[in-house]
Amino acid sequence: MARENNRAPRKQEENDGLIKKLIAVNRVTKVVKGGRNMRFSALVVVGDGAGKIGCAMGKANEVPEAIDKATARAKKNMFACSLLGTSIPHEVIGKFGRGSVLMMPAAEGTGVIAGGPVRAVMEAVGIKNIRTKSHGTNNPINCVKAAIEGLKELRTAEQIAEIRGKSVEEING
């Protein structure tokens with residue numbers, strides 16, 4: 001007789017069409033009376049490749065658990081940013097802590113010119129042509145959060161015209 005397996009699968013990987021990028025994993029130590037407690041923190045960026053992006057950190061006793069927590073939190077923190085084709089509409093500087101990231105639009109075919117953590121953010125959000133420069137700290141957490149802050153500040157000409165109650169031609173002059 002065939003025996004049925006009533007147990008749930010160990011870990012079902014859901015395919016939701018999102019781009020998930022692991023930026024950094026840190027080992028965190030807490031000194032307590034009995035010795036040291038080791039935990040892991042993970043920084044994850046989640047994007048849909050079409051203008052939505054979110055980032056978060058997760059902490060757990062094991063690395064995979066920390067990554068899962070960070071991914072779930074990043075999905076909750078997702079927001080839409082304004083893109084212009086495969087680049088950004090205008091130059092912007094994102095700041096977080098002592099880190100700042102200068103983002104400049106680039107012509108078609110330029111590619112993503114960015115350092116490690118910022119490159120992952122740009123690829124997850126779906127930007128194909130951009131030039132960036134990180135100033136200040138090179139801490140991955142601060143670089144990612146500075147890039148995210150910069151993306152939040154992006155506005156298209158249509159959005160600015162709507163806010164001001166004017167037409168796009170009046171703004172572009």
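- The distance from the CZ atom of R27 to the CZ atom of R36 is 9.0 Å, given to the nearest 0.5 Å.
- Counting only heavy atoms from C-beta outward, the side chains of S134 and V118 approach each other to under 4.5 Å.
- At a threshold of 4.5 Å between non-hydrogen side-chain atoms, the residues V46 and I19 do not count as touching.
- Panel note: side chain D48, backbone A50; a donor-acceptor pair is recorded below 3.5 Å.
- For the pair V168 and A157, the tightest heavy-atom approach, listed with the atom from each and the gap, is CG1-CB, 4.1 Å.
- Between F79 and I148, the shortest heavy-atom contact is CE2-CG2, 3.6 Å.
- At least one side-chain heavy atom of D16 sits under 4.5 Å from a side-chain heavy atom of K75.
- A continuous path of Ile, Leu, Val, Met, Phe, Trp and Tyr side chains, each step under 4.5 Å between heavy atoms, connects V101 with V92, placing both in one hydrophobic cluster.
- Heavy atoms only, all atoms of each residue included: A56 and A70 are closest at CB-O, 3.6 Å.
- R119 is linked by a salt bridge (charged side-chain N to carboxylate O under 4.0 Å, His left out) to E123, counting only residues two or more places apart in sequence or in another chain.
- Annotation: side chain to side chain donor-acceptor pair (under 3.5 Å) contacts of T137 (sequence neighbours excluded): none.
- Taking both residues in full, the closest heavy atoms of C81 and V125 are given as SG-CG2, 3.4 Å, listed atom of the first, atom of the second, then distance.
- Under the salt bridge (charged side-chain N to carboxylate O under 4.0 Å, His left out) criterion, K152 pairs with E149, sequence neighbours left out.
- At least one side-chain heavy atom of M78 sits less than 4.5 Å from a side-chain heavy atom of L18.
- Of the inter-residue distances, the one linking H90 atom NE2 with M104 atom CE reads 14.0 Å to the nearest 0.5 angstrom.
- Using a 4.5 Å cut-off on side-chain heavy atoms (C-beta onward), I127 and L83 make contact.
- If you take CD1 on I67 and NZ on K20, they are separated by 12.0 Å, rounding to the nearest 0.5 Å.
- No side-chain heavy atom of M38 sits under 4.5 Å from any side-chain heavy atom of V28.
- Side chain of N129 to backbone of S87: no donor-acceptor contact under 3.5 angstrom is found.
- Contact annotation: the side chain of L151 approaches that of V121 to within less than 4.5 Å [non-hydrogen atoms, C-beta and beyond].
- Remark: E162 CD to T156 OG1 distance equals 9.0 Å, nearest 0.5 Å.
- Under the 4.5 Å side-chain criterion, counting only non-hydrogen atoms from C-beta, M103 is in contact with I130.
- Under the side-chain hydrogen bond (donor to acceptor under 3.5 Å, both in side chains) rule, S82 has a single partner from E158, Q159, R155, which is Q159.
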>> Working note: L102 + T132, criterion side chain to side chain contact (heavy atoms under 4.5 Å, CB included); need CA distance, chi angles, decisive distance, verdict.
In response: CA-CA 5 Å; L102 169 65; T132 68; over 6 Å; no
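- A pairwise comparison of heavy atoms in A66 and F40 identifies CB-O, 3.6 Å as the closest pair.
- Under the side chain to side chain contact (heavy atoms under 4.5 Å, CB included) test applied with P105, the options I88, L154, T110 reduce to a single match, I88.
- One distance of note links NZ of K59 with CD of E65; it measures 14.0 Å at 0.5 Å rounding.
- I171 approaches A161 most closely through the heavy-atom pair CD1-CA, 3.1 Å.
- The CE atom of M57 lies 11.0 Å from the CD1 atom of I23; values are rounded to the nearest 0.5 Å.
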